[in-house]
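Atoms within a ligand are numbered from 1 in the order they appear, just like the ligands themselves.
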Amino acid sequence: MTEKINSFPQVLTIAGTDSGGGAGIMADLKTFQMQKVFGTAVVVAVTAQNTLGVQDSFLMPLELIDAQFTSLAADFKIRTCKTGMLGDAAHVHQVALNLKKYDFGPITIDPVMVAKGGAPLLSKDAVKTVKEELLPLADLVTPNLPEAEVLTGIKANSEKQYPALAHALQEMGVKNVLIKGGHAENELVRDYALLADGTDFWISSPRTHTKRTHGTGDTLAATITAQLAHGQTLSAAIKLGKQYVAKAIAETIQVGHGHGPLNHWVKIN
Ligand SMILES: Nc1ncnc2c1ncn2[C@@H]1O[C@H](COP(=O)(O)OP(=O)(O)O)[C@@H](O)[C@H]1O
Ligand SMILES: Cc1ncc(COP(=O)(O)OP(=O)(O)O)c(N)n1
């Protein structure tokens with residue numbers, strides 16, 4: 001029998017692993033698989049993690065970061081990529097160098113700083129490197145509310161300030177911005193997008209009252225990355241991302257004893 005060759009867009013996540021399978025590279029790869037793209041990964045950090053928290057972590061040697069990028073560039077045609085947990089300033093710098101060296105298509109930066117349980121995933125001194133070296137490379141940045149506040153230095157007490165946060169991020173060199181509203185406490189969870197051409201829109205979903213929201217930000221950014229690889233416009237990719245995450249939170253699964261993971265098996269189309 002002759003082989004039947006199927007083709008899927010290839011995408012990349014540059015992030016940390018989660019031994020508990022709910023966030024980081026594990027959430028990204030599950031999302032990629034469900035969104036019908038072929039997922040590859042540059043492992044920046046390894047975490048010992050479960051739904052109760054992060055028990056330990058280790059940052060990969062910088063040479064191994066370079067080696068992983070080199071391996072992928074030598075063999076794959078990566079269409080889009082995203083970043084997640086990057087650990088410290090040296091690792092942010094090394095990732096930025098590689099993203100400048102290779103063309104892996106549109107870059108989504110999820111500026112992951114702190115895990116749900118409070119464990120730091122980015123050192124405080126690395127924020128400056130993220131702002132100076134990573135954000136200018138981003139086609140899209142997807143901060144949650146606390147991350148947007150840290151990056152801009154603006155304290156936001158209400159949703160009305162999301163546009164100001166997004167404009168401040170654009171002034172820092174990012175083309176497109178998505179402020180995620182999961183950390184607000186409203187009954188509608190509202191995210192705000194400001195695009196490079198100045199257009200903006202809100203996307204809302206009902207808030208699911210659950211503690212099973214581990215990996216929501218990763219899953220959203222991974223869906224956007226996958227949908228861009230399929231050729232969707234950025235606004236369509238963002239809307240599909242929000243739809244997938246909302247459903248994956250609402251149709252929950254029972255795993256672990258703490259902040260459980262999302263149901264990545266849900267289908268949106
Ligand atoms: N309880 C919830 N119910 C429905 N959607 C949610 C809920 N919590 C977060 N989301 C959605 O999940 C995505 C990630 O949001 P957020 O929790 O703010 O980011 P992060 O996981 O990076 O902290 C956003 O699209 C947000 O609207
Ligand atoms: C290895 C790793 N990367 C990222 C996160 C944070 O993921 P996020 O989607 O923001 O989910 P929560 O931490 O808010 O549950 C992580 N925990 N581990």
Side-chain angles (χ1 to χ4, degrees), residues 13-31 41-60 82-87 91 108-122 141-151 156 159 162 165 178-193 202-224 237-252 256 258-264 266:
T13 172
I14 304 152
T17 65
D18 168 6
S19 51
I25 287 175
M26 281 64 174
D28 292 340
L29 293 180
K30 288 173 187 180
T31 305
V42 166
V43 180
V44 176
V46 174
T47 71
Q49 187 173 176
N50 55 26
T51 66
L52 300 170
V54 179
Q55 289 80 42
D56 204 352
S57 66
F58 174 77
L59 293 178
M60 299 301 274
K82 74 172 282 280
T83 67
M85 173 187 178
L86 297 179
H91 286 74
T108 294
I109 306 281
D110 182 8
V112 172
M113 293 183 187
V114 180
K116 282 254 147 50
L121 302 175
L122 182 75
V141 66
T142 62
N144 62 25
L145 197 48
E147 290 159 356
E149 289 180 333
V150 169
L151 290 171
E159 283 179 345
Y162 290 8
L165 291 170
L178 177 65
I179 310 279
K180 299 174 291 190
H183 292 246
E185 281 167 9
N186 313 357
E187 277 306 308
L188 275 186
V189 191
R190 278 153 57 83
D191 299 352
Y192 172 78
W202 293 85
I203 10 172
S204 310
S205 68
R207 177 175 296 278
T208 299
H209 293 280
T210 176
K211 60 176 185 172
R212 296 189 182 89
T213 55
H214 182 46
T216 46
D218 301 309
T219 301
L220 176 67
T223 308
I224 295 169
I238 289 172
K239 287 169 190 164
L240 286 165
K242 171 79 176 165
Q243 220 181 314
Y244 181 62
V245 170
K247 202 166 175 196
I249 297 172
E251 295 180 23
T252 195
H259 289 291
L262 308 193
N263 175 359
H264 285 100
V266 294

Practice prompt. With heavy atoms under 4.0 Å as the rule, classify the contact between Pro206 and ligand 1 as side chain, backbone, both or neither.
Written response: backbone

Discussion item. What protein heavy atom lies closest to atom 17 (O) of ligand 1? Include the residue and the distance to one decimal.
Written reply: Thr216 OG1, 3.4 Å

Worksheet item: Any side-chain heavy atom of Asp191 within less than 4.5 Å of one from Leu220?
Response: yes

Practice prompt. Determine, using heavy atoms of Gln49 and all atoms of ligand 2, whether some pair is separated by less than 4.0 Å.
Written response: yes

Discussion item. Any heavy-atom pair between the side chains of Gln49 and His214 that's under 4.5 Å?
Written reply: yes

Worksheet item: Do protein heavy atoms approach atom 14 (O) of ligand 2 to less than 4.0 Å?
Response: yes

Worksheet item: Where does Ala115 meet ligand 2, judged by heavy-atom distances below 4.0 Å: at the side chain, the backbone, both, or neither?
Response: both

Discussion item. Any nitrogen or oxygen of Gly182, side chain or backbone, less than 3.5 Å from one on ligand 1?
Written reply: yes

Worksheet item: For atom 12 (O) of ligand 1, what's the nearest protein heavy atom and its distance?
Response: Val245 CG1, 3.3 Å

Item to complete: Please confirm whether Thr213 comes within less than 3.5 Å of ligand 1 when only nitrogen or oxygen atoms on both sides are compared.
Response: no

Response to the item:
Looking at Leu262, Ile249, Thr210, the heavy atom closest to atom 10 (N) of ligand 1 belongs to Ile249

Fill in: Of the listed options Lys180, Lys242, Glu187, Glu147, closest to atom 27 (O) of ligand 1 (non-hydrogen atoms)
Lys242

Worksheet entry | For atom 1 (N) of ligand 1, the protein heavy atom that lies nearest, with its residue and separation | Thr208 O, 3.0 Å

Worksheet entry | atom 8 (P) of ligand 2: the protein heavy-atom neighbour that sits closest, reported with distance to 0.1 Å | Asp218 OD2, 3.4 Å

Discussion item. Please report whether ligand 1 has a polar contact with Ala246, defined as an N or O pair separated by less than 3.5 Å (distance criterion only).
Written reply: no

Worksheet entry | side-chain contact (heavy atoms from CB on, under 4.5 Å) between Thr142 and Lys82, intermediate numbers included | CA-CA 10 Å; Thr142 62; Lys82 74 172 282 280; over 6 Å; no

Item to complete: Using a 4.0 Å heavy-atom cut-off, say whether Leu121 meets ligand 2 through its side chain, its backbone, both or neither.
Response: side chain

Discussion item. Could you identify the single nearest non-hydrogen protein atom to atom 1 (C) of ligand 2 and state the distance to 0.1 Å?
Written reply: Thr17 O, 3.2 Å

Worksheet item: Nearest heavy-atom pair of Lys242 and Ser205: which atoms, and what distance?
Response: NZ-OG, 3.1 Å

Discussion item. With a 4.0 Å cut-off on heavy atoms, is Gly215 in contact with ligand 2?
Written reply: yes

Worksheet item: Heavy atom under 4.0 Å from ligand 2: found in Asn144's side chain, backbone, both, or neither?
Response: neither

Worksheet item: What protein heavy atom sits nearest atom 20 (P) of ligand 1, and how far off is it?
Response: Asn144 ND2, 3.7 Å

Practice prompt. Measure the distance from atom 3 (N) of ligand 2 to every protein heavy atom, then report the residue, atom name and distance (to 0.1 Å) of the closest one.
Written response: Gly24 CA, 3.5 Å

Worksheet item: atom 25 (O) of ligand 1: which protein heavy atom is closest, and how many Å away?
Response: Asp191 OD2, 2.5 Å

Worksheet item: Checking side-chain contact (heavy atoms from CB on, under 4.5 Å) for the pair Thr17/Met26: CA distance, chi angles, key distance, verdict?
Response: CA-CA 6 Å; Thr17 65; Met26 281 64 174; 3.7 Å; yes

Worksheet item: Heavy-atom contacts under 4.0 Å between His183 and ligand 1: side chain, backbone, both, or neither?
Response: both

Discussion item. Counting only nitrogen or oxygen atoms and a 3.5 angstrom limit, does Gly217 reach ligand 2?
Written reply: yes

Worksheet item: Is a side-chain donor or acceptor of Asn263 paired with a backbone partner of Glu251 at a separation under 3.5 angstrom?
Response: yes

Fill in: Nearest non-hydrogen protein atom, atom 12 (P) of ligand 2
Lys116 CG, 3.2 Å

Practice prompt. State whether Lys180 and Asp110 are salt-bridged, where the test is any N-O pair (Lys NZ or Arg NE/NH1/NH2 against Asp/Glu carboxylate O) under 4.0 Å.
Written response: yes

